[in-house]
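Residue numbers start from 1 in every chain, and the chains themselves are labelled A, B, ... in the order their sequence lines are given, proteins ahead of strands.
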Amino acid sequence: MQMQIFDSVRKKKLPFEPIREGEATLYVCGPTVYDDAHLGHARSALSFDLLARTLQALGYRVTYARNFTDIDDKIIKKINETGKSLRELTDYYIARYLEEMEALGVRRPDIEPKATETLDAIEAMITRLLESGCAYRTESGDIYFDTSKDPLYGSISHRVQSEEETQSRLCELKSGEKRHPKDFALWKACAGEEDVCFDAPLGSGRPGWHIECSAMIEKHFCGNDRYTIDIHGGGADLLFPHHENEAAQTRCATGHEIAKYWMHNGFVQIAGEKMSKSLGNSFFLKDALALYPGELLRFYLIGVHYRNDFNFSEEDLAAAKKRLDRLYRLKQRLLPGKAGEADAAFREALLAAMADDLNSSRALAVVDEMITVANEALDEGRADKALRRAWLGNLALVDTVLGVGGSDPYAWFQHGIAPEEKERIEALIAQRNEAKKAKDFARADAIRDELKTLGVALMDTPEGTKWEKL
RNA sequence: GGCGCCAUAGCCAAGUGGUAAGGCACGGGCCUGCAAAGCCCUGAUCCCCGGUUCGAAUCCGGGUGGCGCCUCCA
């Protein structure tokens with residue numbers, strides 16, 4: 001099956017033709033670890049988790065890297081505010097990030113490079129840029145990339161600067177500082193006591209943000225003479241200037257393009273507005289995960305195509321919960337039982353949706369239709385062992401490709417119930433069944449109402465009474 | 001100011017030239033002691049105007065509305 005990818009530089013869907021047959025190399029811009037992750041970080045991680053899973057399901061050998069920016073102005077600011085060490089602070093947020101991503105079912109990338117562990121490659125790349133004249137040093141000791149040296153600068157974001165803008169801004173530039181408004185720092189000279197500096201042949205200082213990704217990619221991937229990696233991903237806000245700058249650095253330092261395809265995920269919005277740290281309207285994952293199962297958040301978030309904006313709302317989340325419940329009810333009907341091979345037509349439809357630029361929304365519709373067909377056959381008593389095994393196989397495939405539906409259905413419906421509470425609920429259900437047996441329906445209904453006030457819904461089935469936490 | 005994205009039933013959301021997937025909610029039905037669950041049935045001509053075409057939600061032009069990038073940002 002042919003994977004189609006929407007390339008955000010060429011702005012169209014293209015067949016994915018990797019640098020090396022049967023392999024796929026992926027690099028995604030990860031978080032700057034100075035604060036808790038929010039739903040936007042989850043969206044990005046989830047989008048590219050789906051990409052990695054899909055490519056794997058299509059038979060590619062995937063090498064996936066996602067970085068941690070662990071040296072940056074904001075991190076330094078926070079260190080100075082809190083009195084913590086750089087490592088203390090960044091290790092803490094990295095651990096939190098990884099925990100939260102795990103709760104969302106995001107698989108760990110193969111490579112998780114940190115800026116502070118890539119200084120050798122960063123310095124090597126800056127040195128090359130200085131030697132080739134693509135970078136220059138200012139009086140203060142900072143090193144800047146000279147965007148005017150790259151004729152292809154702007155080709156990633158399609159941004160062309162107007163002459164006027166360039167002229168007017170140029171006048172404001174102080175002498176001794178950067179030469180052009182679009183030039184950006186590769187290396188920042190040590191700014192004193194409050195700064196975090198590394199000793200380097202370039203002079204004591206620290207790397208700029210953009211150079212780290214280029215250096216990491218060069219360090220961990222080899223590519224061919226035209227591209228270093230197949231796919232570069234990240235949030236839509238990184239297209240400019242971050243990715244433009246990355247591309248320029250790599251182009252000037254190595255003579256080839258950094259990536260063959262670029263993919264950018266849309267934003268998570270709260271009440272129709274972009275959620276961001278600077279706007280102060282962040283919905284942090286730690287708060288979301290305290291309220292909802294990670295798997296539900298995942299299911300909710302992948303219900304919208306990755307390139308569209310996602311508007312978060314509690315109502316929509318509740319609807320997503322009901323939709324996922326349906327999957328787990330089917331699974332409950334099929335268990336205990338062994339999963340066999342997934343149905344060929346189902347597999348084809350699911351993978352076709354995902355291979356089409358990660359159409360997870362369509363993939364979920366395929367799953368819903370499968371659930372309906374299975375329930376229908378089950379209702380009509382024509383579900384033989386082979387069918388049941390295939391359906392469990394389908395659900396296993398959904399778990400592999402989409403990362404949802406892999407939990408135990410009982411655990412799913414009884415999320416957050418304490419053992420003693422569970423005992424009490426089951427005792428009440430036993431009493432109700434006694435009453436039902438004695439045809440004392442008034443008492444049976446009274447017990448059901450009592451359970452309802454505890455947030456427990458009952459379902460009488462041929463296999464006994466099932467219950468769910470609402 | 002420059003550049004870009006989006007606008008589909010009450011809500012969420014696929015669909016990128018051939019006469020509108022799926023989910024939630026609503027209503028009706030089957031099933032059930034009654035429910036719940038499950039299944040069946042029921043709903044939109046796709047923001048507005050104009051154009052291209054045998055044919056457009058899908059292409060082009062012009063509006064209106066929302067959002068984003070241009071500074072750190074997933």
- Between A:Leu327 (CG) and B:G22 (C1'), how many Å, whole number? 14 Å
- Counter-base of B:G38, judged by Watson-Crick or G-U geometry with both distances under 3.5 Å: B:C30
- Hey, does A:Lys466 reach any base, or is it just sugar-phosphate, or nothing, if we go heavy atoms under 4.0 Å? nothing
- Under a 3.5 Å limit on both distances, the Watson-Crick or wobble mate of B:C46 is none
- Give me the one residue out of A:Asp142, A:Asp195, A:Asp73 that meets salt bridge (charged side-chain N to carboxylate O under 4.0 Å, His left out) with A:Lys188. A:Asp73
- Honestly, is A:Arg179 close enough over A:Tyr144, meaning NZ or CZ under 6.0 Å from the six-membered ring centre and within 45° of the axis? no
- Message: For a quick check, tell me whether the side chain of A:Asp445 and the base of B:G33 share a donor-acceptor pair closer than 3.5 Å.
- Response: yes
- Query: Nearest to the side chain of A:Lys274 - B:C70, B:G68, B:G33?
  - Reply: B:G68
- Message: Heavy atoms only, 4.0 Å cut-off, all strands: where does A:Ala365 land among base, sugar-phosphate and nothing?
- Response: base
- Contact pattern, 5' to 3', of nucleotides 36-43 of chain B - B, S or - by protein heavy atom under 4.0 Å: BSBSS---
- Would you indicate, yes or no, if B:A35 has its OP1 or OP2 atom less than 4.0 angstrom from a side-chain nitrogen or oxygen of A:Lys452? no
- Hey, does A:Val28 reach any base, or is it just sugar-phosphate, or nothing, if we go heavy atoms under 4.0 Å? nothing
- Report yes if the distance between the aromatic ring centroids of A:His264 and A:His243 is under 6.0 Å, otherwise no. yes
- Counting only Watson-Crick or G-U wobble pairs whose two distances fall under 3.5 Å, which nucleotide matches B:C59? B:G51
- Task: Both distances under 3.5 Å, Watson-Crick or G-U wobble: report the partner of B:U64, or none.
- Result: B:A7
- Between B:A13 (P) and A:Arg307 (CZ): distance, integer Å: 15 Å
- In terms of side-chain heavy atoms of A:Arg432, which of B:U16, B:C67, B:G33 is nearest? B:G33
- Message: Please evaluate residues A:Cys29 and A:Cys213 with respect to the criterion disulfide (SG to SG under 2.5 Å), reporting the C-alpha separation (whole Å), side-chain torsions for both, the decisive distance (0.1 Å), and the verdict.
- Response: CA-CA 7 Å; A:Cys29 290; A:Cys213 292; 3.9 Å; no
- B:A74, B:G2, B:G23: which one has an atom nearest the side-chain heavy atoms of A:Leu238? B:A74
- Message: Between C1' on B:C12 and CG on A:Leu296, what's the gap in Å once rounded to a whole number?
- Response: 14 Å
- Message: Show, in sequence, the C-alpha distance, side-chain angles and deciding distance for A:Lys74 and A:Asp35, and conclude whether the salt bridge (charged side-chain N to carboxylate O under 4.0 Å, His left out) test is met.
- Response: CA-CA 9 Å; A:Lys74 289 187 178 177; A:Asp35 202 353; over 6 Å; no
- Starting at atom CG of A:Asn433, determine the distance to atom C1' of B:U32, rounded to an integer number of angstrom. 15 Å
- Considering only B:G33, B:A74, B:A14, which nucleotide approaches the side chain of A:Phe441 most closely? B:G33
- Query: Within the structure, does a side-chain N or O atom of A:Asn308 lie under 4.0 Å from either OP1 or OP2 of B:A14?
  - Reply: yes
- Nearest-angstrom distance from the residue atom NZ of A:Lys11 to C1' of B:C69: 11 Å
- Message: By nearest atom, which of the nucleotides B:G33, B:C11, B:C67 is closest to the A:Ala444 side chain?
- Response: B:G33
- Task: Identify whether NZ of Lys or CZ of Arg in A:Arg159 sits under 6.0 Å from the centre of the six-membered ring of A:Phe240 and within 45° of that ring's axis.
- Result: yes
- Message: Tell me whether A:Lys78 forms a cation-pi arrangement with A:Tyr34, defined as NZ or CZ under 6.0 Å from the six-membered ring centre and within 45 degrees of its axis.
- Response: no
- Using atom CZ of A:Phe310 as one end and atom C1' of B:C5 as the other, report the distance to the nearest whole Å. 18 Å
- Strand partner of B:U71, provided both Watson-Crick or wobble distances fall under 3.5 Å: none
- Query: A:Arg159 CZ to B:G68 P: how many Å, rounded?
  - Reply: 15 Å
- Is the shortest side-chain N to carboxylate O distance from A:Asp110 to A:Arg66 below 4.0 Å? no
- Task: Rounded to the nearest angstrom, tell me the gap between atom NE2 in A:His264 and atom P in B:C5.
- Result: 14 Å
- Message: Tell me whether the side-chain N or O atoms of A:Arg448 pair up with the base of B:C34 as donor and acceptor below 3.5 Å, since no angle test is needed here.
- Response: yes
- Regarding the side chain of A:Phe267, the nearest nucleotide among B:G15, B:G22, B:G68 is B:G68
- N-O pairing of A:Arg206 and A:Asp72 below 4.0 Å: no
